[in-house]
Amino acid sequence: MEEPESFSTVLMEDMTAALQRLKEDHPRERRTAIRVAFAAVEGHLAMLCQELLATASGALTETERMALREKTYRVDESGKIHEVAAYLPLKSRVKLATAIVKRLHPEYSIDFQGSGWQILLKGLDIRDRITHPKSLEDMSVEYPEVEAAVAGVFWFLYAVISPGHDGIAAYLERNLPAAT
């Protein structure tokens with residue numbers, strides 16, 4: 001029987017396949033590569049938040065737990081409490097998770113003033129543009145935009161995620177030169 005793949009492995013293999021298809025140099029493949037790369041960011045960030053909830057729950061405030069779970073509460077007119085989804089933008093979730101990790105592990109440091117974060121944000125803008133297009137022009141993605149978006153994603157995986165995940169660090173060492 002085949003061993004089940006880990007969540008991280010599936011995300012990384014999807015990203016690898018999308019990056020390999022860039023050789024076709026088709027606009028569809030450029031859009032797909034950006035979408036899949038940011039799915040890896042979203043998935044790994046969700047995994048980090050789940051790990052914080054599972055392993056550091058006692059060190060978290062109730063507000064932090066709610067924010068990590070992306071939940072809030074409202075009370076209806078009858079006084080009944082309802083849990084409500086609280087969407088947090090990717091930028092906010094990254095800053096939340098890294099601030100919590102930094103509080104728990106002071107040696108952990110992320111440079112949000114550096115070029116890696118800025119490149120990730122530029123890639124996020126591109127992802128948002130092609131995911132929520134308003135015109136045909138919004139769907140246009142040039143190869144340098146893909147390179148920038150992927151570089152931002154690799155920065156995120158290396159700086160934010162890999163300190164706690166040796167497998168991602170090894171993947172990045174094997175694949176970073178080929179992908180940028």
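Since the model is a prediction, treat every value here as computed from it, not as a measurement. Residue numbers start at 1 and run along the sequence shown.
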Pairs under 3.5 angstrom only: tabulate donor-acceptor contacts from the side chains of residues 95-102 to other protein residues two or more places apart or in another chain.
unit_1: Thr98; atom_1: OG1; unit_2: Val94; atom_2: O; d: 2.8
unit_1: Thr98; atom_1: OG1; unit_2: Lys95; atom_2: O; d: 3.2
unit_1: Lys102; atom_1: NZ; unit_2: Pro106; atom_2: O; d: 2.7
unit_1: Lys102; atom_1: NZ; unit_2: Tyr108; atom_2: O; d: 3.3

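- Note: Arg21 CZ to Thr16 OG1 = 10.5 Å, rounded to the nearest 0.5 Å.
- The heavy-atom pair separating His44 from Ser8 by the smallest distance is NE2-OG, 2.8 Å.
- Separating the CH2 atom in Trp155 from the CG atom in Asp111 is a distance of 7.5 Å, to the nearest 0.5 Å.
- If you take CD on Gln50 and CZ on Arg69, they are separated by 11.5 Å, rounding to the nearest 0.5 Å.
- Phe112 is connected to Leu88 through a chain of hydrophobic side-chain contacts under 4.5 Å among Ile, Leu, Val, Met, Phe, Trp and Tyr, so both are in one cluster.
- Between the Arg31 side chain and the Val141 main chain, no donor and acceptor come within less than 3.5 Å of each other.
- A single hydrophobic cluster is not seen to contain both Met47 and Val10; linkage of ILVMFWY side chains at heavy-atom distances under 4.5 Å, directly or through other members, places them apart.
- Linking ILVMFWY residues whenever their side-chain heavy atoms come closer than 4.5 Å, directly or via other members, places Ile34 and Trp117 in the same cluster.
- Annotation for Glu62: atom CD counts as buried by contact number, over 12 foreign heavy atoms lying within 6.0 Å.
- At least one side-chain heavy atom of Leu52 sits under 4.5 Å from a side-chain heavy atom of Leu104.
- Cluster membership for Phe154 and Tyr143, using ILVMFWY side-chain heavy atoms within less than 4.5 angstrom, is shared.
- Considering all non-hydrogen atoms of both residues, Ile119 and Gly152 come closest at CG2-N, 3.4 Å.
- Considering Arg30, Arg129, Lys122 as possible partners of Glu145, the one that fulfils the salt bridge (charged side-chain N to carboxylate O under 4.0 Å, His left out) test is Arg129.
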Exercise for the section: Please assess Met12 against Leu157 for the test side-chain contact (heavy atoms from CB on, under 4.5 Å), listing each intermediate value before the final yes or no. Expected result: CA-CA 10 Å; Met12 299 306 283; Leu157 293 170; 3.8 Å; yes

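- Cys49 contributes atom SG, which lies 14.0 Å from atom CZ of Arg65 (distance to the nearest 0.5 angstrom).
- Linking ILVMFWY residues whenever their side-chain heavy atoms come closer than 4.5 Å, directly or via other members, places Leu53 and Leu48 in the same cluster.
- The distance from the NZ atom of Lys80 to the CZ atom of Arg74 is 10.0 Å, given to the nearest 0.5 Å.
- For Glu107, the CD atom is densely surrounded, since the number of other residues' heavy atoms within 6.0 Å is greater than 12.
- At a threshold of 4.5 Å between non-hydrogen side-chain atoms, the residues Ile126 and Glu142 do not count as touching.
- When every heavy atom of Ile130 is checked against every heavy atom of Pro133, the shortest pair comes out as O-CD, 3.5 Å.
- One distance of note links CD of Glu42 with CG of Leu90; it measures 4.5 Å at 0.5 Å rounding.
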Exercise for the section: Tell me, with the steps shown, if Met15 and Val153 meet side-chain contact (heavy atoms from CB on, under 4.5 Å). Expected result: CA-CA 10 Å; Met15 189 168 70; Val153 168; 3.9 Å; yes

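- The two atoms that bring Ala33 and Leu22 nearest to each other are CB-CD2, 3.9 Å, heavy atoms only.
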